[in-house]
Amino acid sequence: MRRFDRDFYSRNTLTVSKELLGKYLVHKVGAIELVSKIVEVEAYMGPEDKAAHSYGGRRTERNEVMYGEAGHAYVFVIYGMYNCVNIVTSEIGRPEAVLIRALEPVDGLDKMAELRYGKKYAELEKRQILTLTNGPGKLTISMDITRKHNGLDLCGDELYLIDSENNEPMDIVETKRINIDYAEEAIDYPWRFYI
């Protein structure tokens, strides 16, 4: 399957957000490949977006990777304990990114289940299967993505995206982002997309 080069990420963030849906996130963990289909994302549009970490041109050690080259991972911690993975988009100096909100597990299921629940995939209860990768903090646990991956080049060989083998049409829902109550009018921007 085709991997994506820098040009794919170096475009309009809203366009990239929608086009990420249906693509596969791959993380090589030793000899194992963890593979999941991207099914939900949120766009964060830089200095004008009150929900973005770069709102108002804020530039810190934490968000520095957002100001760099597109196609890198931006991993940050929320609530002091959960990692969230974003994909840096747009152009250098324009700090925009797409948060991966939910995945559909495809391959490496035993390893994902072990990372998240400490048991084999076949031993999971139905609820555990449904919640394996259905949130930004959950999916990073299952995909073994941590702060050490912050700044990692997604055009490399460890963490990357590949295209779907079948490009069937998808029904994409556009709606408000969630859990950003602090963002004033930005809470109403329809920059959350899911299949």
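Note: hydrogens, waters and symmetry copies are ignored here, and every other heavy atom, side chains too, is used.
Between Lys18 and Glu174, the closest side-chain pair of non-hydrogen atoms falls below 4.5 Å.
Using modelled atom types, one side-chain atom of Asp110 and one backbone atom of Tyr121 make a donor-acceptor pair closer than 3.5 Å. One N or O on the side chain of Arg116 and one on the backbone of Thr131 form a donor-acceptor pair closer than 3.5 Å. Looking at Thr89, its side chain never comes within 3.5 Å of a backbone N or O of Thr13 through a donor-acceptor pair. Formation of a donor-acceptor pair under 3.5 Å by the Asn12 side chain with backbone atoms of Thr15 is found in this model. A donor-acceptor pair is defined here as one N or O able to donate and one able to accept, closer than 3.5 Å; no such pair exists between the side chain of Ser142 and the backbone of Leu139.
The two residues Ser54 and Pro95 have their closest heavy-atom pair at OG-O, 2.8 Å. When all heavy atoms of Gly71 and Asp153 are compared, the pair lying nearest together is O-OD1, 3.4 Å. Among all heavy-atom pairs drawn from Gly22 and Ser164, the shortest one is O-CB, 3.5 Å.
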Would you be so kind as to tabulate the donor-acceptor pairs closer than 3.5 Å made by side chains of residues 36-46, with sequence neighbours excluded?
{"from": "Glu40", "atom 1": "OE2", "to": "Arg101", "atom 2": "NE", "distance (Å)": "3.2"}
{"from": "Glu40", "atom 1": "OE2", "to": "Arg192", "atom 2": "NE", "distance (Å)": "2.7"}
{"from": "Glu40", "atom 1": "OE2", "to": "Arg192", "atom 2": "NH2", "distance (Å)": "3.1"}
{"from": "Glu42", "atom 1": "OE1", "to": "Tyr44", "atom 2": "OH", "distance (Å)": "2.6"}
{"from": "Glu42", "atom 1": "OE2", "to": "Ile178", "atom 2": "N", "distance (Å)": "2.9"}

For residues 73-88, please give each side-chain donor-acceptor pair under 3.5 Å, one per line with the distance, not counting sequence neighbours.
{"from": "Tyr74", "atom 1": "OH", "to": "His53", "atom 2": "ND1", "distance (Å)": "2.6"}
{"from": "Asn86", "atom 1": "OD1", "to": "Leu99", "atom 2": "N", "distance (Å)": "3.4"}
{"from": "Asn86", "atom 1": "ND2", "to": "Tyr74", "atom 2": "O", "distance (Å)": "3.2"}

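Tyr67 contributes atom OH, which lies 10.5 Å from atom CD of Glu96 (distance to the nearest 0.5 angstrom). Atom OG1 of Thr175 is separated from atom CG of Asp188 by 10.0 Å, given to the nearest 0.5 angstrom. In this structure, the separation between CG on Leu21 and CD1 on Ile195 is 5.0 Å, given to the nearest 0.5 Å. Note that the CG atom of Leu25 and the CG atom of Leu159 stand 5.0 Å from one another [nearest 0.5 Å]. Atom-to-atom distance recorded for Ile145:CD1 and Leu152:CG is 9.5 Å, nearest 0.5 angstrom. Note that the CZ atom of Arg3 and the CD1 atom of Ile162 stand 8.5 Å from one another [nearest 0.5 Å].
The salt bridge (Lys or Arg N to Asp or Glu O under 4.0 Å) pairs that include a residue from residues 48-62 are Glu48-Arg94, Asp49-Arg177, Lys50-Glu184, Lys50-Glu185, Arg59-Glu64, where partners are two or more places apart or lie in different chains. Within the structure, the salt bridge (Lys or Arg N to Asp or Glu O under 4.0 Å) test picks out no pair touching residues 134-149 (sequence neighbours left out). Identified under the salt bridge (Lys or Arg N to Asp or Glu O under 4.0 Å) test for residues 68-78, with sequence neighbours left out: Arg6-Glu69. Screening residues 142-165 for ring-ring contact (aromatic ring centres under 6.0 Å, His included), with sequence neighbours left out, gives His27-His149.
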**Q.** side-chain contact (heavy atoms from CB on, under 4.5 Å) between Phe8 and Leu20, worked out
**A.** CA-CA 10 Å; Phe8 175 81; Leu20 285 171; 3.8 Å; yes

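Tracing side-chain contacts under 4.5 Å through hydrophobic residues (I, L, V, M, F, W, Y), one never reaches Phe193 starting from Tyr24; they form parts of separate clusters. Neither Val35 nor Leu154 shares a network with the other; the hydrophobic side chains, linked directly or stepwise wherever heavy atoms of I, L, V, M, F, W or Y lie under 4.5 Å apart, form separate groups for each. Residues Val26 and Ile141 do not share a hydrophobic cluster, clusters being chains of Ile/Leu/Val/Met/Phe/Trp/Tyr side chains in contact below 4.5 Å. No chain of hydrophobic side-chain contacts below 4.5 Å, direct or via other Ile, Leu, Val, Met, Phe, Trp or Tyr residues, connects Tyr194 to Trp191. Ile100 is connected to Leu115 through a chain of hydrophobic side-chain contacts under 4.5 Å among Ile, Leu, Val, Met, Phe, Trp and Tyr, so both are in one cluster.
Residue Lys119 places its NZ atom among more than 12 non-hydrogen atoms of other residues, nucleotides or ligands, all under 6.0 Å distant.
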